[in-house]
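Worksheet: one structure, shown below.
Note that the structure is predicted; figures quoted are calculated from it, not measured.
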Amino acid sequence: MSPIENAKIKNIDHLGIVAGLIDEIGIVEIINEKLGIDPREKITAGILVKAILINGLGFVSRPLYLFSQFFDDKAIEVLLGKDVESDYINDDKIGRVMDKLYKYGLNNIFIEIVLSVIKKFEINTKYSHLDATSFHLHGEYKREKIKETEEELSKERPIIITKGYSRDHRPDLKQCILDLITSGDGDIPLFMRAGDGNEADKAVFGKILVEYRKQICFDSIMVCDSALYSQENIQLIQNLKWISRVPMTIKKAQELVQIVEIEEINAKEKERRESLNLDGYTWKSEIVTYGGIQQNWLIVESKKRKDSDLIKLENKLKKEKQKVDKLLKEIKKEEFETPEQARYKLKVINKKLKFHEIKEIKVFESKSKNNQTVYRMSGERNEKVEEMEIRKKEAGRFILATNLVGEEKLEPSEIIKAYKNQQSCERGFRFLKDPLFFTDSFFVENPERIETMLFLMSLCLLVYNLGQRQLRSELKRLKIGVKNQLGKLTMNPTLRWIFQCFQGIHFLHLDGINQIINLTSERHFILNCLPSFCQKYYFIS
């Protein structure tokens, strides 16, 4: 037999990085500690979860029912342990472990892992960002009922799969909700919660923050969009620190964006704001009491957004003008039985117009084709100048509110930067909904399993974002970049790009000797910038 026939070659690609990050966090040990180890098991719950996370971050869009096939061409003995075989990872084992995780408490395990990450990697938790997204599902899911009134978010029952407001633009499908809190430092997921498909953000966001504060033992300023801002919610979270956008449905907010004059800034201040990445932003603070809570409202104007809003406004005006001109021609031809009927029609039309109105010139008697007496109307188009001026004044403006006043008062620039980082959650949702990730919709029949899937997906996001944060931090410390897709040096590469750079790395076993093939000097450098546990999967002697 030739030496080539004796050789065993398996893929490892970027999966060693994923396995190393999981080891560095200690996910296997935490899950085994919580769920226990049965000596009769061929594979522990912790190792199985590690396998699921490796599969999830393999970016091959493999559903769970093809799970064991994922490892057929992988160096499973390197990634999961020499005693692990791919057929140990089967549907029955996955189902049992998922049920154990759910029974123990998904949030409890997730928080345990998060607290370990925060401590070990010194994650800055000054700001935490809350947002929600929906995942649509295929199937019947007959267990639908009105959600019971609950004072607490902690619940024994599974989530209810039902139709609701779809962020995926699939109102025809039932769905579930994922609420996520991430750190401002590296977008690290700090808290996850599965919710009913018809759950409203405004109804639960306040309760989520209270629950989060109970379980997480550090002080953090909570940042959220306007879904948080209601009298009930801000009273509920009055003992927390928060920043939120004020919805323009509030009368006081409408008044302020219209009447507040924002002063021009001098060249020095403009330069300072440019250095803070706030070029084109101006603002003015107002102390406001709303919902019985004293707050600092920051009326912000963004030049970039103002220019965009004014272009949109101009297009709306043009479109409505064309519509009104068309209506004028139609009205002129229309026949009415009475003058009152004509005037009522005009009133109905004007009610639907925002920036124009049709003014009656006269209603006059006329004869129809049948020689019957009818009434006709002539009118003219008038612009609502005052309404247009209001919209122009509002263009590019929004209001941020915070309960940090007095000694705890934040600088306006810090409030704006914190709110801009609300994209932290949105980036996480884009990652989770990527077609190459697990999937953007579920085919799991059991609601408890769906919650567990959301937990596992959130763990994948935690592993991915932590790896990306650590790599970027080390590159900045060394002041060295790596080549991006365009061949230019960058200190902020995405971990996905790094994963692509590691395609084509193989594990070779020949005559009792193990070797990693295709580990170039550039790949060596990247591995040295990642946590040390990543290196052991590639630096094999």
Side-chain angles (χ1 to χ4, degrees), residues 127-134 146-155 164-165 167 177-182 191 193 195-216 219-260 283-301 390 393-394 397-410 412 414-416 418-422 425-426:
Y127 291 104
S128 300
H129 300 265
L130 167 64
D131 209 344
T133 194
S134 58
I146 298 172
K147 186 177 176 181
E148 305 92 342
T149 302
E150 300 178 52
E151 292 185 5
E152 300 293 333
L153 284 176
S154 53
K155 52 183 171 54
Y165 171 69
R167 296 159 174 89
I177 301 294
L178 173 64
D179 299 305
L180 196 66
I181 295 178
T182 61
F191 185 86
R193 173 187 169 272
D196 298 341
N198 59 356
E199 193 172 80
D201 294 348
K202 186 170 279 190
V204 298
F205 272 10
K207 295 175 184 177
I208 289 171
L209 294 185
V210 171
E211 188 68 21
Y212 170 69
R213 187 66 184 86
K214 281 182 185 176
Q215 298 190 48
I216 301 291
D219 202 15
S220 190
I221 299 171
M222 304 307 308
V223 185
C224 193
D225 62 21
S226 58
L228 175 68
Y229 201 90
S230 68
Q231 291 197 37
E232 295 79 7
N233 278 342
I234 62 176
Q235 287 168 3
L236 187 64
I237 61 171
Q238 60 181 303
N239 294 323
L240 305 180
K241 299 174 181 177
W242 54 265
I243 295 170
S244 174
R245 184 165 173 168
V246 180
M248 284 298 112
T249 51
I250 295 174
K251 189 176 179 181
K252 180 70 175 176
Q254 293 173 356
E255 291 173 357
L256 283 178
V257 294
Q258 292 166 19
I259 65 171
V260 164
W283 54 75
K284 186 175 181 182
S285 295
E286 294 277 341
I287 297 298
V288 173
T289 298
Y290 184 78
I293 309 295
Q294 191 180 56
Q295 303 158 46
N296 177 22
W297 278 20
L298 195 66
I299 300 93
V300 184
E301 184 173 295
I390 288 171
K393 193 77 183 277
E394 290 176 349
R397 290 190 171 191
F398 57 95
I399 298 177
L400 300 178
T402 176
N403 63 339
L404 295 170
V405 295
E407 293 180 2
E408 294 183 305
K409 185 178 178 181
L410 294 172
E414 190 171 356
I415 296 171
I416 297 170
Y419 185 76
K420 283 179 73 178
N421 283 338
Q422 184 66 6
C425 286
E426 293 168 11

Indicate yes or no: does Glu199 engage Arg193 in a salt bridge with an N to O separation below 4.0 Å.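 The answer is yes: the pair qualifies as a salt bridge.
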Under-4.0 Å salt bridge between Asp201 and Arg167: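 Arg167 and Asp201: salt-bridged.
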Look at the aromatic rings of Trp297 and Tyr290 and report parallel, tilted or perpendicular, splitting at 30° and 60°.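 Because their plane-to-plane angle lies in the 30° to 60° range, the rings of Trp297 and Tyr290 count as tilted.
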Side chain [X], main chain [Y], donor-acceptor under 3.5 Å:
| X | Y | result |
| --- | --- | --- |
| Glu301 | Trp283 | no |
| Glu408 | Val405 | no |
| Asp131 | Cys425 | no |

Can Val288 and Leu256 be said to form a side chain to side chain contact (heavy atoms under 4.5 Å, CB included), step by step? CA-CA 11 Å; Val288 173; Leu256 283 178; 4.3 Å; yes
Value rounded to 0.5 Å, distance of [atom1] in [X] from [atom2] in [Y]:
| X | Y | atom1 | atom2 | value |
| --- | --- | --- | --- | --- |
| Thr402 | Glu414 | OG1 | CD | 10.0 Å |
| Ile399 | Ile250 | CD1 | CD1 | 8.5 Å |
| Gln238 | Asn233 | CD | CG | 12.0 Å |
| Tyr212 | Asp179 | OH | CG | 13.5 Å |
| Asn403 | Leu240 | CG | CG | 8.0 Å |
| Ile216 | Leu209 | CD1 | CG | 12.0 Å |

Tell me, do [X] and [Y] make a side-chain contact under 4.5 Å, heavy atoms counted?
| X | Y | value |
| --- | --- | --- |
| Gln258 | Gln254 | yes |
| Glu286 | Ile299 | yes |
| Asn421 | His129 | yes |
| Ile177 | Thr133 | no |
| Gln215 | Phe191 | yes |
| Val300 | Arg397 | no |
| Phe205 | Ser230 | no |
| Asn296 | Ile415 | yes |

Grab the two heavy atoms, one from [X] and one from [Y], that are nearest each other, plus how far apart they are.
| X | Y | result |
| --- | --- | --- |
| Asp225 | Ser244 | O-OG, 3.2 Å |
| Tyr127 | Ile243 | CE2-CD1, 4.1 Å |
| Ser220 | Ser128 | OG-OG, 2.7 Å |
| Val223 | Ala418 | CG1-O, 3.8 Å |
| Ala401 | Gln295 | CB-OE1, 3.7 Å |
| Tyr419 | Cys224 | CE1-O, 3.6 Å |

Worked check of side chain to side chain contact (heavy atoms under 4.5 Å, CB included) between Phe398 and Arg245: CA-CA 8 Å; Phe398 57 95; Arg245 184 165 173 168; 3.6 Å; yes
State whether the number of non-hydrogen atoms from other residues, nucleotides or ligands found under 6.0 Å of Lys252 atom NZ is greater than 12.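 Counting neighbours around NZ of Lys252, 12 or fewer heavy atoms of other residues, nucleotides or ligands fall under 6.0 Å, so no.
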Lys241 vs Asp219, side chain to side chain contact (heavy atoms under 4.5 Å, CB included): CA-CA, chis, key distance, verdict: CA-CA 8 Å; Lys241 299 174 181 177; Asp219 202 15; 2.9 Å; yes
Any side-chain donor near an acceptor of the partner, Glu426 and Gln422, under 3.5 Å: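 No, no side-chain donor-acceptor pair sits under 3.5 Å.
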